[in-house]
Amino acid sequence: MRIIISKVKIIVEWIATFVLRSLIGGNANKYDYKFFVTENIYNPFFNKENFKVSLLNASPYTIISTYKFQTLYWALQESPLGNVLDIGVLRGGSSIFFANLLESENLIYSVDNWSEHAKPNSDSLLTYSSCSDLEDFKKAIIDLKISKRINICDCSLKTFLAVRKSDLVGTIAVIHFDLYDSSTFEDTVEDMLKLLKRGGCLLIAGYGSLALPKLSKSVDLFAKSSKYYTRFLQDKSGYGIFIKI
């Protein structure tokens, strides 16, 4: 029976991969993408009360999948205690999720260009933040009584790093990078890693996305060049993850 299931899985993955690659156009290299069927349906996070409550609070304010929230939960649990840097906040779902789980006096630094939001690039149809999103976020964290845990920074990532980098070096446990611009990643990744504690995680939300081949390529190139002080992996939810060693 196990052999039969394994063969069926291989056939389903091959057919789905063929269909997926046939639909890929534009700048993406279709051979970089593969469909897979997970073998593991058990997930202990679904049974943890703090995960369920945090997800429930965050869900109305996000387009992030439940599977990616599982990865964010894992990152926060496995990283050393510290602050969290959430980049590309939109309506604030990921910041709300983190704030519900954060221990002691640590803070969430929520960074986005709400007032002067970036224009969508021609390679994708992804969502960008606006002033109305910021108002929704502010109202949500007041209603949920977590506003004291969140430091809202209405500016670009580059501006945030220029102003706060010296104060935050070595204090960040988790960085959630949910921006779509490869050049921003290339320009800021070294500074972001300097903020991380050893053992901390930098999670790239857009890694592997069909709409973001340039970002994925930039991440891959950096992963190869930084092997002496990072470890890189992609989890099954899609996140590209740098772990500082």
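Sequential numbering from 1 along the given sequence is applied to the chain's residues. This is a predicted model, so every value here is computed, not measured.
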| message | Suppose we call two aromatic rings close when their centres sit under 6.0 Å apart. Are Phe69 and Phe97 close by that rule? | response | yes

Quick note, salt bridge (charged side-chain N to carboxylate O under 4.0 Å, His left out) partners involving residues 152-172, not counting sequence neighbours, are Lys158-Asp187, Arg164-Asp167, Lys165-Asp191

Practice task
Answer with yes or no whether the side chains of Ser110 and Asp86 bring together a donor and an acceptor at under 3.5 Å.
Solution key: no

Closest non-hydrogen contact found for Leu193 with Leu202 is CD2-CD2, 4.2 Å

Interatomic distance, CG@Leu134 vs OG@Ser115, rounded to 0.5 Å, equals 6.5 Å

So the ring-ring contact (aromatic ring centres under 6.0 Å, His included) pairs with at least one residue in residues 139-164 (sequence neighbours excluded) are none

(request) Would you please indicate if the ring centroids of His176 and Tyr109 are separated by under 6.0 Å? (result) no

Quick note, salt bridge (charged side-chain N to carboxylate O under 4.0 Å, His left out) partners involving residues 55-82, not counting sequence neighbours, are none

For Ile146, the side-chain contact (heavy atoms from CB on, under 4.5 Å) test, sequence neighbours excluded, returns Ile96, Ala99, Asn100, Ile141, Leu144, Arg149, Ile150

With sequence neighbours left out, the residues meeting ring-ring contact (aromatic ring centres under 6.0 Å, His included) with Phe222 are Phe242

For Ser132, is there any backbone N or O sitting under 3.5 Å from a side-chain donor or acceptor partner on Trp114? no

By side-chain contact (heavy atoms from CB on, under 4.5 Å), Thr171 pairs with (sequence neighbours left out) Asn83, Leu168

Contacts of Asp136 meeting salt bridge (Lys or Arg N to Asp or Glu O under 4.0 Å) (sequence neighbours excluded), chain-then-number -> Arg91

Contacts of Lys139 meeting salt bridge (Lys or Arg N to Asp or Glu O under 4.0 Å) (sequence neighbours excluded), chain-then-number -> Asp143

Sorted by chain and number, sequence neighbours left out, side chain to side chain donor-acceptor pair (under 3.5 Å) with Ser225 holds for none

Note: Asn113 and Cys155 closest approach over all heavy atoms is OD1-C, 3.0 Å

### Task
Return yes if some donor-acceptor pair links the side-chain N/O of Lys197 with the main-chain N/O of Ala173 below 3.5 Å, else return no.
no

Residues pairing under salt bridge (charged side-chain N to carboxylate O under 4.0 Å, His left out) where one sits in residues 23-38, two or more places apart or in two chains, turn out to be Glu13-Lys34

Check: Is there a side-chain contact between Thr188 and Leu161 (heavy atoms, below 4.5 Å)?
Finding: yes

Checklist entry - Any sub-3.5 Å donor-acceptor pair from Tyr33's side-chain atoms to Ser209's backbone N or O? => result yes

message: Tell me if the aromatic rings of Phe232 and Tyr207 count as close, with their centers under 6.0 Å from one another.
response: yes

Would you confirm whether Ser22, through its side chain, and Val19, through its main-chain N or O, come within 3.5 Å as a donor-acceptor pair?
yes

Salt bridge (Lys or Arg N to Asp or Glu O under 4.0 Å) filter on Lys52, not counting sequence neighbours, yields Glu49

By salt bridge (Lys or Arg N to Asp or Glu O under 4.0 Å), Glu190 pairs with (sequence neighbours left out) none

Give a yes or no on this: more than 12 heavy atoms of other residues, nucleotides or ligands lie within 6.0 Å of atom NZ of Lys217. no

